[in-house]
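A short write-up of the structure that comes next.
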Amino acid sequence: MTGPVEPRGDRSSAAGPPGDRDGRPGAERPAGGGRGQRYGGGARSGDGGRFAGGDRSRGGRSGADRRGGRPARPAVDLPRHVAYQAIAAVHRDDAYANLVLPAMLREEGLTGRDAAFATELTYGTLRHTGTLDAIITDAAGRDVQRIDPPVRDALRLGAYQLLHTRVPAHAAVSSTVDLVRAVGPGATGFANAVLREVAGRDSDGWVTKLAPSAETDPIGHLALAYSHPQWIVRAFAEALGGDLGETTRLLIEDNERPPVHLCARPGLADPVELADDVGGAPGAFSPYAVYLPGGAPGELPAVAQGRAHVQDEGSQLVANALAVAPLDGPDGRWLDLCAGPGGKAGLLGALAAQRGARLTAVEVAEHRARLVEQATRGLPVNVLNTDGRTVGADPKLPEGHFDRVLVDAPCTGLGSLRRRPESRWRRQPADLPPLTRLQRELLTAALRAVRPGGLVAYVTCSPHTVETHVTVTEASRRCGFPVDFVDARPLLPAGMPGLGDGPTVQLWPQRHGTDAMFLAVLRRG
């Protein structure tokens with residue numbers, strides 16, 4: 001189709017009062033701190049140029065950076081302005097929403113309903129970026145990558161409001177045009193025309209028009225319908241044994257607002273009492289989990305005092321599985337080989353304190369090692385800022401020394417896309433070879449570090465079979481030691497559904513309400 005023409009200097013606006021936010025959706029809770037840059041890029045990669053380059057429109061600047069810099073305050077309400085700035089920072093600076101958005105909310109003094117609205121717009125727009133881009137491309141009659149980045153992000157924000165919230169169409173259009181007037185004033189008429197075209201169909205109508213046939217191209221259909229890259233949908237389907245129905249449920253869950261989970265540190269906080277204190281509820285599976293109903297978890301006294309921390313229930317379960325696994329012989333020397341930012345080290349350290357054990361927590365990145373120190377203050381934990389692969393070469397990491405070892409390996413993070421929505425668009429299949437090589441090296445180092453008869457738990461926040469079964473199989477085959485798989489299912493709470501046939505375990509958002517954590521437990525012979 002022939003799309004709207006992007007005019008020069010058109011300052012027209014859609015009709016309707018700006019800032020109308022009737023029927024705002026609820027807040028999405030910002031996720032906990034990400035795993036960050038590790039092992040020379042092992043934990044995350046850049047956006048691969050997705051938001052760089054391309055032919056850009058030549059709208060005026062109005063004092064704004066044309067690549068999405070912070071403009072003067074536009075004539076649009078503050079929550080939308082903050083959401084735009086967070087989205088622009090993600091795409092322009094390779095930022096993480098769960099880190100930049102809370103800072104922006106504090107800076108602007110947004111709380112309550114306004115903060116909830118800004119959070120919903122930010123996380124929702126980032127989750128649905130792939131499908132929104134396809135819709136904007138069709139509505140504009142040009143590839144979305146040819147639209148100037150600030151205008152492109154504003155259009156994504158407006159299209160999300162039109163298709164996924166109860167914001168009235170006139171408010172979504174007029175407020176977005178007001179935003180475009182500040183960040184790309186020459187494109188206001190263009191934005192108005194594109195958004196009115198978007199508003200001509202609801203979300204299902206756009207999927208019907210743009211998605212491939214579910215019969216002839218089911219992966220392509222699911223990718224556009226539920227806004228995930230095709231390679232990720234294919235990886236999920238493979239990990240789920242080709243069950244496209246459950247794959248669909250997983251994709252739907254990825255696009256829902258995740259709850260905040262707290263970990264009540266054993267010996268320091270009782271989960272039932274903590275749940276009462278915060279108005280939450282004890283977790284369904286982890287003996288330490290508390291489901292938080294809302295609010296800012298960092299402001300809770302228990303978190304500020306180090307008696308609890310924010311941690312997905314799945315992460316609690318896999319760390320606890322290592323601690324409860326039966327072990328013959330000495331049990332006082334524990335090792336966390338990839339400890340940053342410190343959530344699992346905090347739980348293991350608290351458990352170690354109850355059992356007279358001591359945890360060595362290794363983290364290669366200096367700033368993340370400091371986070372581990374903060375997270376484990378007051379616990380029997382020794383933090384080493386070094387590369388976990390130096391086992392045997394580093395006198396502080398001798399071979400055959402430790403009784404229990406956790407390898408929470410850097411991975412693609414495909415299991416936590418509901419908490420880090422931008423990651424689905426940054427990750428590429430090319431990330432897998434260097435990551436899986438690193439995973440094998442770390443697991444091999446862990447098998448060197450553990451004593452004969454000791455236990456190693458290999459954990460990833462990814463269900464991708466190359467990062468899970470392939471990595472564990474290859475590392476155990478190449479390590480040079482006899483290795484036995486321990487059935488991990490009995491190490492999780494009785495009655496947990498959908499744990500598979502063993503000996504490894506894959507947790508799932510749609511089955512367990514957790515991130516998609518993988519767990520393999522190995523015993524060195």
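These values consider heavy atoms only, across backbone and side chains, with no hydrogens, waters or symmetry-generated copies. Residue indices begin at 1 and follow the sequence shown.
- For D408 (side chain) and D336 (main-chain N/O), no donor-acceptor pair under 3.5 Å exists by modelled atom type.
- Expressed to the nearest 0.5 Å, how far OG1 of T468 lies from OH of Y458 amounts to 7.5 Å.
- Between F518 and H464, a ring centre-to-centre spacing not shorter than 6.0 Å is recorded.
- Comment: D431 does not engage R426 in a salt bridge, judged by the lack of any side-chain N to carboxylate O separation of less than 4.0 angstrom.
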| Are D394 and K396 close enough, and set up right, to give a salt bridge (Lys or Arg N to Asp or Glu O under 4.0 Å), and what steps lead you there? | CA-CA 5 Å; D394 187 328; K396 295 181 180 179; over 6 Å; no

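- Contact of the H469 side chain with the T504 side chain is registered, since non-hydrogen atoms from C-beta on lie closer than 4.5 Å.
- By the 6.0 Å and 45° rule, R127 does not stack over the aromatic ring of Y160.
- Checking side-chain atoms of R418 against main-chain N and O of E253 turns up no donor-acceptor pair under 3.5 Å.
- In terms of modelled atom types and a separation under 3.5 Å, the side chain of S476 and the main chain of T473 share a donor-acceptor contact.
- D515 has a carboxylate O that lies under 4.0 Å from a charged side-chain N of R419, or vice versa, which qualifies the two as a salt bridge.
- Side-chain contact between F285 and L507 is absent, with no heavy-atom pair separated by less than 4.5 Å.
- A salt bridge links R389 with D387: the closest approach of a Lys/Arg side-chain nitrogen to an acidic carboxylate oxygen falls below 4.0 angstrom.
- For the pair D403 (side chain) and G454 (backbone), a donor-acceptor distance under 3.5 Å is absent.
- Here the NE2-CG distance, from H164 to L132, works out to 5.5 Å after rounding to the nearest 0.5 Å.
- Within the 4.5 Å cutoff, the side chain of P301 has no heavy atoms near those of the V278 side chain.
- Interatomic distance, CD of Q510 versus CG of L250, reported as 4.5 Å (0.5 Å rounding).
- Just one residue in the list L126, D94, L417, T129 forms a side-chain contact (heavy atoms from CB on, under 4.5 Å) with E422, and that residue is L126.
- Side-chain N or O atoms of Q506 include none that pairs as donor or acceptor with a backbone N or O of L499 at under 3.5 Å.
- No side-chain heavy atom of H401 sits under 4.5 Å from any side-chain heavy atom of V391.
- Put simply, the side chain of E313 reaches to within 4.5 Å of the side chain of Y291, judged on heavy atoms.
- Here E366 pairs with R370 in a salt bridge; the nearest charged N to carboxylate O distance falls below 4.0 Å.
- Annotation: side chain of L379 is in contact with side chain of L268 (closest heavy-atom distance under 4.5 Å).
- Using a distance-only test at 3.5 Å, with no hydrogens or angles considered, a donor-acceptor pair links the side chain of R355 to the main chain of A323.
- Note on R307 versus D277: no salt bridge recorded, every NZ/NE/NH1/NH2 to OD/OE distance being 4.0 Å or above.
- In terms of modelled atom types and a separation under 3.5 Å, the side chain of H221 and the main chain of P212 share a donor-acceptor contact.
- Ion pairing between a basic and an acidic side chain is recognised when a charged N comes within 4.0 Å of a carboxylate O; R440 and E474 show no such pairing.
- Of the possible donor and acceptor atoms, one in the side chain of E467 sits under 3.5 Å from a partner among the backbone N and O of T412.
- Side-chain contact between W508 and L240 is present, with at least one heavy-atom pair separated by less than 4.5 Å.
- Nearest heavy atoms, G453 versus L327: O-CD1, 3.2 Å.
- Looking only at distances, no side-chain donor or acceptor of R265 sits under 3.5 Å from a matching main-chain atom of A350.
- Listed here is the closest heavy atom pair of T471 and V466: OG1-O, 2.9 Å.
- Side-chain contact check for R420 and S416: at least one donor-acceptor pair (N or O, by modelled atom type) lies under 3.5 Å.
- Between the R404 side chain and the A325 main chain, a donor and an acceptor come within less than 3.5 Å of each other.
- Residue L447 holds its CG atom at 11.0 Å from CG of L442, rounded to the nearest 0.5 Å.
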